[in-house]
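Report on one structure; see the data block that follows.
Values in this document were obtained by computation on a predicted structure and should not be read as measured data. Chain naming here is simple, since letters A, B, ... match the order of the sequence lines and numbering starts at 1 in each.
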There are 2 protein chains.
Amino acid sequence: MINKSSPIPIYHQLEERIKTEIEEGSLKSGDLLPSEREYAETFKISRMTVRQAISNLVSNGYVYRKKGTGTFVSQKKFEQILPGLTSFTEDMKRRGMVPSNELVEFSILPAPEEVAHALDIKNSESVYKIERIRLADNFPMALETTFVSKHRIEGITEEIAHTSLYEYFESTLNLNIDHATQLIESSIINSEEKKLLHMKTGDPVLLIQRTTYLDDGTPLEFVKSVYRADRYRFMIDMKR
Amino acid sequence: MINKSSPIPIYHQLEERIKTEIEEGSLKSGDLLPSEREYAETFKISRMTVRQAISNLVSNGYVYRKKGTGTFVSQKKFEQILPGLTSFTEDMKRRGMVPSNELVEFSILPAPEEVAHALDIKNSESVYKIERIRLADNFPMALETTFVSKHRIEGITEEIAHTSLYEYFESTLNLNIDHATQLIESSIINSEEKKLLHMKTGDPVLLIQRTTYLDDGTPLEFVKSVYRADRYRFMIDMKR
DNA sequence: GAGTGGTCTAGACCACCCC
DNA sequence: GGGTGGTCTAGACCACTCC
């Protein structure tokens, strides 16, 4: 159950164990968990280690603590758990669709004002511009334009633009994407985008501007997206 | 600097101290913080207590840790920090506007299907229905319909509906609002809402459906909102 | 009063990074 | 090799809740 000589931290083993019990139903919504001291004695580990495991479960919304009373399983429905920041590719896969891209433009140019500001670089600096139609099950869902500082990130190719940029950033470059700010607004499709997305005048679209940051706070990419409102709804979970 | 006999936890005092140093500029973006052992010795406290303070700062995005190297101040621009889940009232105040409400409907009725599902109650159960035009600087921004289980929450009055429901939940009832899921989509104004928001046919709107939860996972309220797209853009910050 | 989570201590060993 | 954060221990006292 808990392997003390494993390279996997004990708190993480306990965390996964409890998580499994919740997901498999042996711990149900509203149930009282064993106390921290009980866990500590059962597994012959320190109470502080137990606390670290439970604190992580609290952060992830699996359980909540009540002072002087105990720790309980949350009511949350885990089948509809919402992930945090996701890429288009991940998003569509999660919705059970097959994502693909059509490259509209791949170029390197001096950063436009708005882009330079978002990426916190000078106007003269070179950026990649990657414009793609993003499809799900071969149906156009969005038009997405990504800007990345060429000085910060090297080696983006058309090849990579055809798959997932996030995967390239994280798996190949080993960058730690930490968070993103997004500006979401409702609008009407404009004439340029109309054809690319197979829409007609007056159709509503969801405009999303995203700036993605690494854990040290450096902006990684600036993305402007136009989503077909009839095909795409944005879902988020926010902490108070 | 650090008062050990204060009722305020030591980790929280240290946390606030470091936060102040960052905000006032004595610790700048990219700066290396004193090591955990250094803090511990300086303030004659345990390293675990220091770690608790720094862990909270990491969660809030103020600093980040690099294994084997140290802890650094993030690049984040704190003047534009984005808060988490906010109410309309808080949101507008933060944007420098004066929020107000116009009550359109205040009633108690059996929960419609969609509402019952969101609040996890039976169809027959009574719910408050509070429909309000939400104004900023006396200009209509949104039409908002809130549903709250009458069985769970008692004592909502028209009086309260004229101010802030969140304030009532948190300050008066001492409820802990934990998080909310939101479904955001782009649409075109419909004929019923057109007049109330002073809009015309074909104008784009932002539709937001929100379910707010307490820390034990109980749904507190279900809200459907229609925002004027020309006046309102939604801004969020998401963790990866 | 007994049990719970919240805070705190004074150590320890590890893997990792940089010199 | 020396310093850093990551993990872990075996205690302790507190405030709080419930009986």
Item to complete: Sequence neighbours left out, what passes side-chain contact (heavy atoms from CB on, under 4.5 Å) with B:L32? Give chain and number order.
Response: B:F72
Worksheet, complete the sentence: Residues B:L85 and B:A180: closest non-hydrogen pair is CD2-CB, 3.6 Å
Item to complete: Provide the closest heavy-atom pair for A:E221 versus A:T212 in the form atom of the first, atom of the second, distance.
Response: OE2-OG1, 2.8 Å
Worksheet item: So, are A:K19 and A:E16 salt-bridged, with charged N and O less than 4.0 Å apart?
Response: yes
Fill in: Pairing residues for B:R37 by the side-chain hydrogen bond (donor to acceptor under 3.5 Å, both in side chains) criterion, not counting sequence neighbours
none
Discussion item. Does the protein touch nucleotides 5-14 of chain C at the base, only the backbone, or not at all? Give it as B, S and - per nucleotide, heavy atoms under 4.0 Å.
Written reply: BBBBBB-B--
